[in-house]
Number of protein chains: 2
Amino acid sequence: MKWKELEEEPCSMARTIGVIGDRWTLLILRECFLRTRRFEGFQSALGITRHLLAERLKKLVRQGILRRIPYQESPKRHEYILTQKGIDLYPIMMAIVHWGDTHMVDERGRPLLHQHRKCGKDFDPVMVCSECGEPLSAKEVHTHPGPGARSLPEKSALETRKAKARSRAA
Amino acid sequence: MKWKELEEEPCSMARTIGVIGDRWTLLILRECFLRTRRFEGFQSALGITRHLLAERLKKLVRQGILRRIPYQESPKRHEYILTQKGIDLYPIMMAIVHWGDTHMVDERGRPLLHQHRKCGKDFDPVMVCSECGEPLSAKEVHTHPGPGARSLPEKSALETRKAKARSRAA
DNA sequence: TTTGACAGTTCCATTTTAGAACTATAAGGT
DNA sequence: ACCTTATAGTTCTAAAATGGAACTGTCAAA
């Protein structure tokens, strides 16, 4: 499976990973949520090479996750801000942070706390069912094919590969 | 920033990304949640090279996300199953899938639906505040340093890099 | 005795990334 | 006029990661 193909897989997870599933992209998005907007800002906060930063920003703009907006003429300068599609990545970011807070902190505790303006308290993000509001756990969820599924999606991919292997062997 | 350093950054997101923030690792974890347990299963479902698969599985075991359990003697065979630490990644997976369901589906609709056994309905995952139960949005969250924060974390990293740049120039 | 399943390991070519230097435009100081 | 700084890139080469295929070893079944 090549990376281009990922975005065409009949799997929302594979498609999403094709867009944001690499280390620098995720860190760039972290910075976006921390209000970084400019090239130099990303570069110095992350220590990413300028080459890769330029390339990743272009990709995020192409994908409609960031918008490139001019903030001055001569010399032309732009800043990168999250679109709604980008802002919608927030639950992913929070889920990642929360797992790190649970499993990767050292003895000193969490590096960052999150306060909910509405209720004023420091909180953890909790994932719940949109229908009944109960917290979700993997065991309570049953996965079944939706309208966009290929017929027998995993099997067909598997069989395709096996067929290829057979034809090579012949 | 090298990848080893990531896991030592005072940022739960960076640390988590250091562990699961690459494309193959995320796809391997998807398979784990879909009940794949064996080497050949991962390999044929994903089309990953055997070399990388072996390497990634080892890393996930080292990190305590998978456990390698013997399921037969002679020849020795093992299967890989999620630990609790691994199962705790579920909200990240669901958040990724949900973003894809919202922004990456084609005209045919979602490839997979999720049914909540407790209430019997197909659902979307929603992220809420642990304290007040309200759905979260990025704008309503204020981030502030916790006990594990470095003093002025971003600034210090930035200054370190600037100092380096200066000393190179001199 | 051969074939096939399984779980890897090894090897080489190709692709990506790291690291540093270079380009370009303009403002501001001296 | 000349030098420095800020900003946003681009270009170059060496090092690292990945892809692709073949190979190893153990055992069961045909």
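In what follows, chains are A, B, ... by sequence order, proteins preceding strands, each numbered from 1.
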Chemist: Let me have DNA chain C in dot-bracket notation, would you? Count Watson-Crick plus G-U wobble pairs, both distances under 3.5 Å, and use [ ] for pairs crossing earlier ones and | for inter-strand partners.
Modeler: ||||||||||||||||||||||||||||||
Chemist: Would you call B:D101 and A:R15 a salt bridge, taking side-chain N to carboxylate O under 4.0 Å as the test?
Modeler: no
Chemist: Is B:R110 salt-bridged to B:D122, going by a charged N under 4.0 Å from an acidic O?
Modeler: no
Chemist: Rounding to an integer number of Å, can you tell me how far A:R50 CZ sits from D:dT7 C1'?
Modeler: 8 Å
Chemist: Looking only at side-chain N and O atoms, does A:W24 come under 4.0 Å of OP1 or OP2 in C:dT16?
Modeler: no
Chemist: Find which nucleotide of DNA chain D each of B:R56 and A:F39 is nearest to by heavy atoms, and output the residue with the more 5' nucleotide.
Modeler: A:F39
Chemist: Could you tell me the separation between the CG atom of B:L46 and the P atom of D:dG20, rounded to a whole number of Å?
Modeler: 14 Å
Chemist: Do any N or O atoms from the side chain of B:T25 and from the backbone of B:I20 form a donor-acceptor pair under 3.5 angstrom?
Modeler: no
Chemist: With heavy atoms under 4.0 Å as the rule, sort A:F42 into base, sugar-phosphate or nothing.
Modeler: nothing
Chemist: In whole angstroms, how far is the C1' atom of D:dA8 from the CG atom of A:L57?
Modeler: 10 Å
Chemist: Could you tell me the separation between the CD atom of B:Q72 and the P atom of C:dC6, rounded to a whole number of Å?
Modeler: 10 Å
Chemist: In whole angstrom, give the distance that lies between atom NE2 of A:H51 and atom C1' of C:dT15.
Modeler: 11 Å
Chemist: Say whether, by atom type as modelled, one donor and one acceptor occur between the side chain of B:E134 and the main chain of A:K118 under 3.5 angstrom.
Modeler: no
Chemist: Whole Å only: how far is the CG atom of B:L6 from the P atom of C:dT17?
Modeler: 14 Å
Chemist: Mark yes or no: B:R37 above the aromatic ring of B:Y71, with NZ or CZ under 6.0 Å from the six-membered ring centre and no more than 45 degrees from the axis.
Modeler: no
Chemist: Provide, to the nearest angstrom, the distance between the CG atom belonging to A:L53 and the P atom belonging to D:dT7.
Modeler: 14 Å
Chemist: Nearest of D:dA8, D:dT10, C:dG8 to any side-chain atom of B:R68?
Modeler: C:dG8
Chemist: Got a sec: does the CZ of B:R67 have more than 12 other heavy atoms crowding it under 6.0 Å?
Modeler: no
Chemist: Does a nitrogen or oxygen in the side chain of B:Y71 sit under 4.0 Å from OP1 or OP2 of C:dA7?
Modeler: yes
Chemist: Mapping A:H78 and A:R23 to their closest nucleotides on DNA chain D, which lands nearer the 5' end?
Modeler: A:H78
Chemist: Calculate the interatomic distance between B:L52 atom CG and D:dA17 atom C1'; express it in whole Å.
Modeler: 8 Å
Chemist: For B:W99 and B:H103, take the angle between the two ring planes, folded into 0 to 90°, and tell me which bin it lands in: parallel under 30, tilted 30 to 60, perpendicular over 60.
Modeler: tilted
Chemist: Using a 4.5 Å cut-off on heavy atoms from C-beta on, say whether the side chain of A:F33 contacts that of B:M13.
Modeler: no
Chemist: Quick one: are A:L136 and B:H116 in side-chain contact, heavy atoms under 4.5 Å?
Modeler: yes
Chemist: If the threshold is 4.0 Å, N to carboxylate O, is there a salt bridge linking A:R38 and A:E79?
Modeler: yes
Chemist: Tell me whether the OP1 or OP2 atom of D:dA8 has a side-chain N or O from A:K58 closer than 4.0 Å.
Modeler: no
Chemist: Please list each protein N or O that sits under 3.5 Å from an N or O in nucleotides 24-30 of chain D, with the distance.
Modeler:
residue, atom, partner, partner atom, Å
D:dG25, N2, B:R77, NH2, 3.4

